[in-house]
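Worksheet: the structure to be examined is printed underneath.
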Amino acid sequence: MIDYHLHLWSHGSKDKPVVLEQLAAYCEHAAAQGVSEIAVTEHFYRFSQARSILSGYFRRYPESPMRDLMEQYWEQNATADLDQYVAVALEAKAAGLPVVMGLEVDYYPEAMHRVQAMLLGYPFDVLLGSVHWIETWPFDHIDDPVVMAEWERVGVEPAWAAYTRALEELAATDTVDVLAHPDLVKVAGHRPEVPQEYFDRMAEAAAAAGVAAEVSSAGMRKPVREFYPAPELLRRFLELGVPLTTASDAHGLGDVADRAPEIKELLVAHGVTTLRRFEGRVGAEVAL
């Protein structure tokens, strides 16, 4: 098993310098759950280098309280040093720790060429692609009642339609290797009456772009109380031959490799025998 989605800082916390001991502790905790390799994949927006190419990005949208909230959140988070993060991850690899180096990269319509150009300058092993916001609405901020109230204004069907379109566009940018928590839009428990159309489009986008999809336990810690992807979406990924990674999306040591044995059991039940690992942005199959 692998855990290919791990963060070093919790949401809302100030970043701290990355140290080798933290990565070693992650590896030890993962091994106890039967996970033999981990990927550190901090959010790209947590780094000052993201600000250098994306500062003011959300001003392209009409002025609103939601835009102000999103812009403030983004700017307050973009403070860590990407070079220091990369240096420690490379140090961990050189020390023999079973670590691959990555990032979680959000979708910025009309600006992904800038993101791609910057990231090509670093020796990443894997890049996760995510959709965490629809225009200026960070729909997965489940602890913020103002953000959650937007579900009533936007509507479930329009939200799923916009999310799916963004995921399709992200996959087609050739910027990322894996679609993280591919049906994240369900996080608060809101589902369309007929989700199959959206699931088909998500799976077809992954297959067309040649990217992998993540099977994550993170949804079990959210109101939706379900793995990502939903069973129907997982089946569609498998039907189209989309390779899989597995993940916890931990934001601290305690959730590293969360429910890894359950994920393995789920995949075995679906006939899955291999996972996709990455090195230098090149994928290869490894035994489940």
Side-chain angles (χ1 to χ4, degrees), residues 2-30 37-58 70-108 110-133 170 173-178 180 211 214 245 247-253 256 277-283:
I2 60 178
D3 188 343
Y4 260 40
H5 192 156
L6 293 168
H7 298 275
L8 303 176
W9 309 303
S10 60
H11 284 302
S13 68
K14 182 174 174 54
D15 59 81
K16 296 177 289 187
V18 183
V19 295
L20 185 62
E21 289 75 14
Q22 183 179 13
L23 299 187
Y26 272 36
C27 291
E28 182 179 1
H29 194 90
E37 184 174 73
I38 68 171
V40 288
T41 55
E42 193 49 73
H43 292 285
F44 177 51
Y45 69 77
R46 300 287 316 243
F47 298 99
S48 60
Q49 285 83 350
R51 179 188 283 118
S52 72
I53 61 169
L54 293 167
S55 183
Y57 173 82
F58 294 100
M70 185 68 220
E71 186 167 35
Q72 182 181 35
Y73 175 85
W74 196 92
E75 292 285 349
Q76 286 178 343
N77 273 279
T79 58
D81 181 13
L82 184 58
D83 294 324
Q84 194 266 338
Y85 167 86
V86 168
V88 175
L90 291 176
E91 182 185 2
K93 294 174 67 172
L97 293 177
V99 169
V100 299
M101 182 175 65
L103 282 179
E104 183 175 8
V105 182
D106 283 287
Y107 181 46
Y108 300 89
E110 301 179 27
M112 292 306 292
H113 61 289
R114 281 182 270 158
V115 175
Q116 185 179 49
M118 170 172 281
L119 297 183
L120 284 174
Y122 290 89
F124 290 113
D125 292 306
V126 63
L127 296 177
L128 311 184
S130 298
V131 176
H132 285 108
W133 46 76
L170 172 59
T173 64
D174 196 33
T175 303
V176 300
D177 310 303
V178 183
V211 298
E214 175 185 278
T245 65
S248 65
D249 196 359
H251 284 74
L253 182 62
V256 170
R277 72 174 299 274
F278 288 87
E279 184 173 354
R281 305 284 310 279
V282 177

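The analysis underlying the following values was restricted to heavy atoms, covering all of them including side chains, and did not include hydrogens, waters or symmetry mates.
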query = Does the ring center of W133 lie less than 6.0 Å from the ring center of F58?
reply = yes
query = More than 12 non-hydrogen atoms from neighbouring residues, nucleotides or ligands closer than 6.0 Å to CG on D81, yes or no?
reply = yes
note = Tightest non-hydrogen contact, residues S248 and L6, listed as OG-CD2, 3.4 Å
inquiry  = For T245 and F278: C-alpha separation, side-chain torsions, deciding distance, then whether side-chain contact (heavy atoms from CB on, under 4.5 Å) applies.
reply    = CA-CA 10 Å; T245 65; F278 288 87; 4.2 Å; yes
inquiry  = Pair L82, Y122 - check side-chain contact (heavy atoms from CB on, under 4.5 Å), show working.
reply    = CA-CA 10 Å; L82 184 58; Y122 290 89; 3.6 Å; yes
note = On a heavy-atom basis, the closest approach of H5 and A247 is CB-CB, 3.3 Å
ask   = Taking the side chain as C-beta and beyond, is there a heavy-atom pair between L253 and Y26 under 4.5 Å?
value = yes
ask   = Any side-chain heavy atom of H43 within less than 4.5 Å of one from H132?
value = yes
inquiry  = Do F47 and D83 have side chains that approach each other closer than 4.5 Å (heavy atoms only, starting at C-beta)?
reply    = no
task = Quick one: pull up CZ in R46 and CZ in R51 and give me the separation to the nearest 0.5 Å.
result = 11.5 Å
query = Do Y45 and Y108 have side-chain N/O donor and acceptor atoms under 3.5 Å apart?
reply = no
Can you give each donor-acceptor pair under 3.5 Å made by side-chain atoms of residues 89-103, sequence neighbours left out, with the distance rounded to 0.1 Å?
unit_1	atom_1	unit_2	atom_2	d
K93	NZ	D125	OD1	3.3
K93	NZ	D125	OD2	2.7

ask   = Does some side-chain heavy atom of F44 sit less than 4.5 Å from a side-chain heavy atom of M118?
value = yes
inquiry  = For P17, is there any backbone N or O sitting under 3.5 Å from a side-chain donor or acceptor partner on Q84?
reply    = no
ask   = With a 4.5 Å limit on heavy-atom distance, are the side chains of F124 and D177 in contact?
value = no
query = What pairs with H113 under side chain to side chain contact (heavy atoms under 4.5 Å, CB included), at least two apart in sequence or on another chain?
reply = none
key: Side-chain donor/acceptor of Y57 to backbone N/O of A111, under 3.5 Å   = no
message = side-chain contact (heavy atoms from CB on, under 4.5 Å) for V18 and W9? Distances and angles first, verdict last.
response = CA-CA 9 Å; V18 183; W9 309 303; 3.9 Å; yes
inquiry  = Restricting to non-hydrogen atoms, name the atom on R277 and the atom on Y4 that form the minimum distance, rounded to 0.1 Å.
reply    = CB-OH, 3.3 Å
query = So which heavy atom on E75 is nearest to which on S55, and how close?
reply = OE2-OG, 3.0 Å
key: Value rounded to 0.5 Å, distance of OG1 in T175 from CZ in R114   = 12.5 Å
ask   = Looking at Q76 and T79, what are the two nearest heavy atoms and their distance?
value = O-CG2, 3.5 Å
key: Residues L8, L23; criterion side-chain contact (heavy atoms from CB on, under 4.5 Å); working and verdict   = CA-CA 9 Å; L8 303 176; L23 299 187; 3.8 Å; yes
query = Does L128 reach the side chain of E214, with side-chain heavy atoms less than 4.5 Å apart?
reply = yes
message = So which atom in E104 and which in S130 form the shortest heavy-atom distance, rounded to 0.1 Å?
response = OE2-OG, 2.5 Å
inquiry  = Check this for me: E28, atom CD, are more than 12 non-hydrogen atoms of other residues, nucleotides or ligands nearer than 6.0 Å?
reply    = no
